[in-house]
There are 2 protein chains.
Amino acid sequence: MAVTIVDVAKRAGVSPSTVSRVISGHPRISPATVNKVKEIMADMGYHPNVMAKSLVSKTTSTIGIVLPRPAEELFQNMFFPEVIRGIVTHSSRTSYDLLMATGVTEREELEAVIRLVKGRRVDGLLLLHSRKRDPLVNFLREEHFPFVLVGRSEEHADILSVDNDNVQASYDATRHLISQGHRRIGFVSGPPNLVVSMDRLAGYRQALAEAGLASSPEWIVEGEFLQESGYQAMSFFMSLPERPTAIVVIDDLVGFGVLRGLTELGFKVPQDLGIIGFNNTPMAELATPPLSSVDIGIYQIGYTASQMLIRRIKGEKTMQPRAVIPHRLVVRESSLPPV
Amino acid sequence: MAVTIVDVAKRAGVSPSTVSRVISGHPRISPATVNKVKEIMADMGYHPNVMAKSLVSKTTSTIGIVLPRPAEELFQNMFFPEVIRGIVTHSSRTSYDLLMATGVTEREELEAVIRLVKGRRVDGLLLLHSRKRDPLVNFLREEHFPFVLVGRSEEHADILSVDNDNVQASYDATRHLISQGHRRIGFVSGPPNLVVSMDRLAGYRQALAEAGLASSPEWIVEGEFLQESGYQAMSFFMSLPERPTAIVVIDDLVGFGVLRGLTELGFKVPQDLGIIGFNNTPMAELATPPLSSVDIGIYQIGYTASQMLIRRIKGEKTMQPRAVIPHRLVVRESSLPPV
DNA sequence: TTGAAAGCGCTAACAA
DNA sequence: TTGTTAGCGCTTTCAA
């Protein structure tokens, strides 16, 4: 069957350990044997059995990501493809493979993680979003298993994580709308158990408070990261007796839902409602009107997360636990002054 | 350290082989010991070491995908996230993990595959696009390694593959433009070494020929699956003395590039140029005007590919090698009659 | 129904 | 500089 290290050793007239040493670039080994062995390996088409190596070295050269629950819902939004792109770019540069696991229910998700961790299937794990009191986080901490959180942990400051300053980002977005002359500003949020939802809501509130503007509970709506949610939020807002003149939307995709709804109902953007979203999706530029958005550097988030994780795996200690990726306001037509 | 099968065996007062049998659901084993062992496993938090198991069973419960070369370029287009969504949905339902590897150059790509295959790292492989005379295909065939091709192999009819009838799909799209009254129809293709580019070009030509319409070489442009390519193709077409009145575009993303360019230059769609794309990206609906597109069932392609691969891995033999996913014309404003 | 023993392919002491 | 040996944690004959 497949060529093993023993086959190579025999053909080369050396011991398996010598071959092993050649493979791992052991320093003290004669150039002559190195050459001979390498030649024979190439000649025989030898490739080390990854599992055997892992078993003894207790290391896999693989990092895992656990896809947030309904994989169905996941890729609608460009966020995940884009983080994954960042992750895979970095991890492949450092010769790590990427394993994707998924659990549909919360329980399955935890079980998948346990299997990966206890089964020693991966060297580290990337958590793609942060929830309040996340059981995964607790488990991984207890196990002292290397992991990096995309987002921010509320309860543990020492966790490795990469995030935006979402409070500030949302603050900036809201300030922008205020500077355009808006006084009644709404907010379309994401699932309330996600830290990102909280942070962006906080930034929004902070900006309003600072400007001495009122916020009505009616102007804050929660939903999913889906177009549908935007559509619903829009219906709700536009039927209000005193409706907002502009809104901050937690995600471009949700913003597109708003846009579509407004168009259907014959409203004009930004005249009837100013909009600014998050993520600066490629689509944002193409929408009608082009959608203003906060670019949060998703690719870079993924890249950095992989970087931190692999450093952690390799045992680097001198690391600040929290990386903050800068954001950037991209103003387009959808948030120009209403006049 | 981690709990092993031996630890469990000791605590249960049985041999490791007995524990192994309990785990694998061996039929001839007393219910009493089964219960006892299971209890102890749960109690000790035992989880089998995946590597050790793989080493002896020569199976990994993992399927691999090799990301087409520049991962950079990959996720711009919704095609890959969407196939992956299909793949991951099916594979996780059947308890397979998904390993993503990538190579930047063609050579690296092949090396990654060799490493996965010869290193026995995955049980099977999914190839995400088909090129003419693909060295990966040749290698995998020689190795008799389970793999499924997304797309179509020109040279080998026996290869497991899942594809659309791209000739027909493109034929349909072109027919549609003809039926809207267009007589001068152009085609924006993808990289010429991809089978999908050829097939769609063939369908386009066939429709024109059948309708007795001329096609000029000037009306056929090749590019990448990127907005940029659409933009360039558009500039080219619109500067032609006798330019097409409508175009078939190999991919929505490319179509968006065309759209954007036309808007910038002050042209109107569909009045100045009718457009129909492929993939029916979520964006297509949101573009201005909404983009007509051929829905090719990308999610289903991924799902089916995973299904075929895992069947093949499990040794099922009664399988037609080629699955064809149906396509569907989605007509929107961008291809309405030019009048 | 259960156990003992061998071995999957590799690495890493310890010797030589 | 190289070889010998003993495992890594698991499965699987073969015997009992």
Side-chain angles (χ1 to χ4, degrees), chain A residues 1-41 44-62 114-123, chain B residues 1-41 44-62 114-123:
Chain A
M1 297 299 318
V3 185
T4 76
I5 207 172
V6 183
D7 302 326
V8 175
K10 272 188 189 141
R11 265 275 291 275
V14 298
S15 76
S17 22
T18 300
V19 177
S20 173
R21 287 184 186 110
V22 171
I23 293 168
S24 60
H26 190 104
R28 281 198 298 244
I29 196 152
S30 85
T33 43
V34 170
N35 286 335
K36 185 172 54 179
V37 169
K38 280 195 171 163
E39 219 166 75
I40 291 181
M41 289 197 304
M44 300 180 79
Y46 169 75
H47 283 263
N49 181 309
V50 180
M51 298 303 167
K53 186 179 157 105
S54 287
L55 180 57
V56 42
S57 69
K58 296 188 179 321
T59 173
T60 63
S61 295
T62 306
I114 293 179
R115 186 172 52 81
L116 295 186
V117 171
K118 297 238 181 189
R120 296 247 122 74
R121 181 129 230 228
V122 295
D123 294 344
Chain B
M1 298 295 317
V3 185
T4 77
I5 207 172
V6 183
D7 303 325
V8 175
K10 274 189 189 139
R11 264 275 291 277
V14 296
S15 76
S17 19
T18 300
V19 177
S20 173
R21 288 183 184 109
V22 171
I23 294 167
S24 60
H26 191 103
R28 280 197 300 242
I29 196 151
S30 86
T33 43
V34 170
N35 287 335
K36 186 173 53 179
V37 169
K38 280 196 172 161
E39 219 166 76
I40 291 180
M41 288 197 306
M44 300 180 78
Y46 170 75
H47 284 263
N49 181 310
V50 180
M51 299 303 166
K53 186 179 155 107
S54 288
L55 180 56
V56 40
S57 69
K58 296 189 179 318
T59 174
T60 63
S61 295
T62 304
I114 293 179
R115 187 172 52 82
L116 295 186
V117 171
K118 297 239 180 186
R120 297 247 121 74
R121 182 127 230 237
V122 295
D123 295 344

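Residue numbering restarts at 1 for every chain, and letters A, B, ... go by the order of the sequence lines. All values derive from a computational prediction rather than experimental measurement.
No side-chain donor from either of A:S20 and A:S17 sits under 3.5 Å from a side-chain acceptor of the other. Using a 3.5 Å distance cut-off with no hydrogens or angles, the side chains of B:R121 and A:T62 do pair a donor with an acceptor.
Contact detail for A:A12 and A:K36: the closest heavy-atom pair is O-NZ, 3.4 Å. The minimum heavy-atom distance linking B:P16 with B:A9 is given by the pair N-CB, 3.6 Å.
What separates CZ of B:R28 from C1' of C:dG3 is a distance of 15 Å, to the nearest Å. As a whole-Å value, the separation of B:K36 NZ from C:dT1 P is 15 Å. Note: CG (B:N35) to C1' (C:dT1) measures 15 Å, nearest angstrom. Across the protein-nucleic acid pair, A:K10 atom NZ and C:dG9 atom P stand 12 Å apart, rounded to whole Å. Per the geometry, CD1 belonging to A:I23 stands 10 Å off C1' belonging to C:dT11, to the nearest Å. In this structure, B:M41 places its CE atom 17 Å from P of D:dG9, rounding to the nearest Å. Atom CD1 in B:I5 sits about 15 Å away from atom P in C:dT2, given to the nearest Å. Counting to the nearest Å, the P atom of C:dC10 and the CZ atom of A:R21 are 15 Å from each other.
Take the nearest nucleotide of DNA chain D for A:L55 and for A:T33: the residue whose nucleotide is more 5' is A:T33. Closest-nucleotide positions on DNA chain D for B:K53 and A:S15 were compared, and the one nearer the 5' end corresponds to A:S15.
Remark: the A:S20 side chain and the C:dA12 base include no donor-acceptor N/O pair separated by less than 3.5 Å. Side chain A:T18 to base D:dT1: no donor-acceptor pair is found below 3.5 Å.
Out of D:dC10, C:dT2, C:dC10, the shortest distance to the side chain of B:S30 is found at C:dT2. Listed nucleotides: D:dC10, C:dG3, D:dT1. Nearest to the side chain of B:V14: C:dG3. When each of C:dG9, C:dA12, D:dT12 is scored by its nearest atom to the side-chain atoms of B:S17, the top-ranked nucleotide is D:dT12.
Look at B:S24 and you won't find any side-chain N or O under 4.0 angstrom from OP1 or OP2 of D:dT11. Regarding contacts with the backbone of C:dT11, every side-chain N or O of A:K58 stays at 4.0 angstrom or more from both OP1 and OP2.
Put simply, the side chain of B:D123 never gets that close to the backbone of B:T59: no donor and acceptor are under 3.5 Å apart.
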